[in-house]
Amino acid sequence: MRTHPLFLRVWLGQACGSVGDQLLPVAVSLFVIGRGGGVAEVSLVLGARAIALVLCLLAGGVLADRVRRSRVLLGADWFRGALLLVTAAVLPALPLLVMPAVVALVAAGEALSRPAFRSMVPTLLPSDMLERGNALVSAAQRSATVLGVLAGAAVVTFVGARAALFIAGAVFAVSGLTVLRINDGAPAALGRSVLADAAAGLRAMRERPWVLAVMSTASVQLMTGVAASLTLLPLIARDRLGGDLAYGAVLAASAVGALPGLVLAGRWRPRAKGVAAMCVLAGYALEPLSLAVALPLPVVMVCFGIGGFAVEFFFIHWLSALQRGIPGEVLGKVLALDQLGAFALLPVGYLLVGPVVAVVGAGPTLIGAAVVVVVTSGLCLVVPGVARFADPARDPDERAVGGARADTR
């Protein structure tokens, strides 16, 4: 990757921005609690972030295909940096009800930057290095989640919430500097409306049944396997795995297991990428299955580690396939729709777990979720194009999307 310094520069800046994104909700939540807020106020803060992400993702995808992506990243980073620096300066005088709005605006900037960065990667790397680049991006985001949460809690505890906001603002300002003077290609022509632009993204997906099939499969698996596992895990941990520490250990095992998944996906490029990715993804079924059976804690941790491995291996190959197979002028919108599709059914799954468990019990619910994961992974491969993660009529190895086209002015 050292032969592609522009990618490394942008990657480093966005990794810093990811730390700020994760630091902020922790710092603001602790600030709200310190000012006398309770569960309702903290829920407003976290809920505002989630709502802003969902509402602005598609807008971010449209913008990423209409404006130079480096400019989208610059604007999103500096907007968040300026907002947080101003907020930190006047923090003592701000009422608590303003804080959810601040978090929502920062989350809106995050939603705008996500599709822009992901769709910018193919302009910074040659096609044969997309898996490695995406693996680095995912590794940075996972690390940023841990670092941001720890940094937010530590700074607020030892220095104060105001200092945490100043730090987050400075991080975003630095992140914006890394995309200055990067020419990542001119935007698409703007002869159509925003609604027509969004419709073009949907049309690009409909024209590629393999894209719709994989997106639908991932959404169903999130609604069943992920929702059931994450909802019942804390209860099962307290009941038979050893308590809250066991709960944390199992989640940590999932995060640790993801790391070799990133490494393998970044280095191994099987010809039938879809077959490899979907077969590995079926391994996620071990997570709900391990909770359905009375297994000891170490075995459950191993199963969740395999689940983390499966998800990251799949995601790297899937994201790289989209970057290769979707035209650049609609790539941002398709990436945004992919994330929206993944998020859309997950809340439904969380809401359904309780009633289903009440009717059939926790064990059958988890076993059913595991069966859904395995069956949908296999059925998805029947759709033409899924086996190669590419249009059936075209060899993905002959397609050189983007290349290293970016240069400095």
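Numbers here are sequence positions counted from 1. None of these values were measured; they are calculated from a predicted model.
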What do the steps show when you test L366 against L289 for side-chain contact (heavy atoms from CB on, under 4.5 Å), and what is the final call? CA-CA 6 Å; L366 290 163; L289 195 59; over 6 Å; no
CG/L30 to OG1/T157 distance, rounded to the nearest 0.5 angstrom? 6.5 Å
Looking at R69 and M120, would you say the former's side chain and the latter's main chain have a donor-acceptor pair under 3.5 Å? no
Nearest heavy-atom contact between L241 and L297 is O-CD2, 3.9 Å
Nearest-0.5 Å distance, CZ of residue F313 to SG of residue C279: 10.0 Å
First locate atom CH2 of W210, then atom CG of L381, and finally report the distance between them rounded to the nearest 0.5 Å. 13.0 Å
Is there side-chain contact between V102 and V28, with at least one heavy-atom pair below 4.5 Å? no
To the nearest 0.5 Å, what is the distance between CD1 (I182) and CG (L124)? 6.5 Å
Indicate yes or no: at least one non-hydrogen side-chain atom of L73 is less than 4.5 angstrom from one of V10. yes
For the pair R267 (side chain) and R132 (backbone), establish whether a donor and an acceptor sit closer than 3.5 Å, ignoring hydrogens and angles. no
Which residues satisfy the side-chain hydrogen bond (donor to acceptor under 3.5 Å, both in side chains) test with T224, sequence neighbours excluded? none
Is a side-chain N or O of R162 found less than 3.5 angstrom from the main chain of A88, in a donor-acceptor match? yes
Which value, rounded to the nearest 0.5 Å, describes the distance between L165 atom CG and L24 atom CG? 6.5 Å
Which heavy atom of R271 sits nearest a heavy atom of R388, and at what distance? O-NE, 3.1 Å
For a 4.5 angstrom cut-off between non-hydrogen side-chain atoms, does F309 reach L264? yes
Which is it for M278 and T217 under the side-chain contact (heavy atoms from CB on, under 4.5 Å) test, yes or no, and what are the steps along the way? CA-CA 10 Å; M278 299 310 299; T217 298; 4.0 Å; yes
Please examine the side chains of V137 and R118, heavy atoms only from C-beta on, and report whether any two atoms are closer than 4.5 Å. yes
Would you call M301 and S254 a side-chain contact if the rule is heavy atoms closer than 4.5 Å? no
Evaluate the side-chain proximity of F304 to L286: yes if any heavy-atom separation is below 4.5 Å, no if none is. no
For a quick test of reading the model, state the closest non-hydrogen atom pair linking V72 to L112 and the distance between them. CG1-O, 3.7 Å
Under 3.5 Å: donor-acceptor pair, side chain of R80, backbone of A76: yes
Over all heavy atoms of both residues, which pair between A369 and P288 is shortest? Give the atoms and the distance, please. CB-CB, 4.3 Å
Residues P126 and H4: closest non-hydrogen pair is CD-CE1, 3.3 Å
Any donor and acceptor pair, going by atom type alone, linking the side chain of S70 with main-chain N or O of V179 inside 3.5 Å? no
Quick test of your reading: applying side chain to side chain donor-acceptor pair (under 3.5 Å), list the pairs with at least one residue in residues 305-321, sequence neighbours left out, ordered by first then second residue. N134-S320, R142-E312, W318-D338
R324 and S127: side-chain donor and acceptor closer than 3.5 Å? yes
S119 side chain vs P115 backbone, donor-acceptor pair below 3.5 Å: yes
Is Q221 reaching over with its side chain to a backbone N or O of V373, donor-acceptor style, under 3.5 angstrom? yes
Checking side-chain contact (heavy atoms from CB on, under 4.5 Å) for the pair V214/C380: CA distance, chi angles, key distance, verdict? CA-CA 7 Å; V214 177; C380 187; 3.9 Å; yes
4.5 Å side-chain heavy-atom contact, V374 and Y284: no
To the nearest 0.5 Å, what is the distance between CD1 on I167 and CG on L85? 11.0 Å
Show your working on side-chain contact (heavy atoms from CB on, under 4.5 Å) between I306 and V302 and close with a plain yes or no. CA-CA 6 Å; I306 295 173; V302 169; 4.2 Å; yes
Hey, does the side chain of W78 reach the backbone of A173 with a donor-acceptor pair shorter than 3.5 angstrom? yes
Kindly give the heavy-atom pair with the smallest separation between S175 and D77, and that separation in Å. OG-OD2, 2.9 Å
Counting only N and O atoms by type, is there a donor-acceptor contact under 3.5 Å from the side chain of W11 to the main-chain atoms of L136? yes
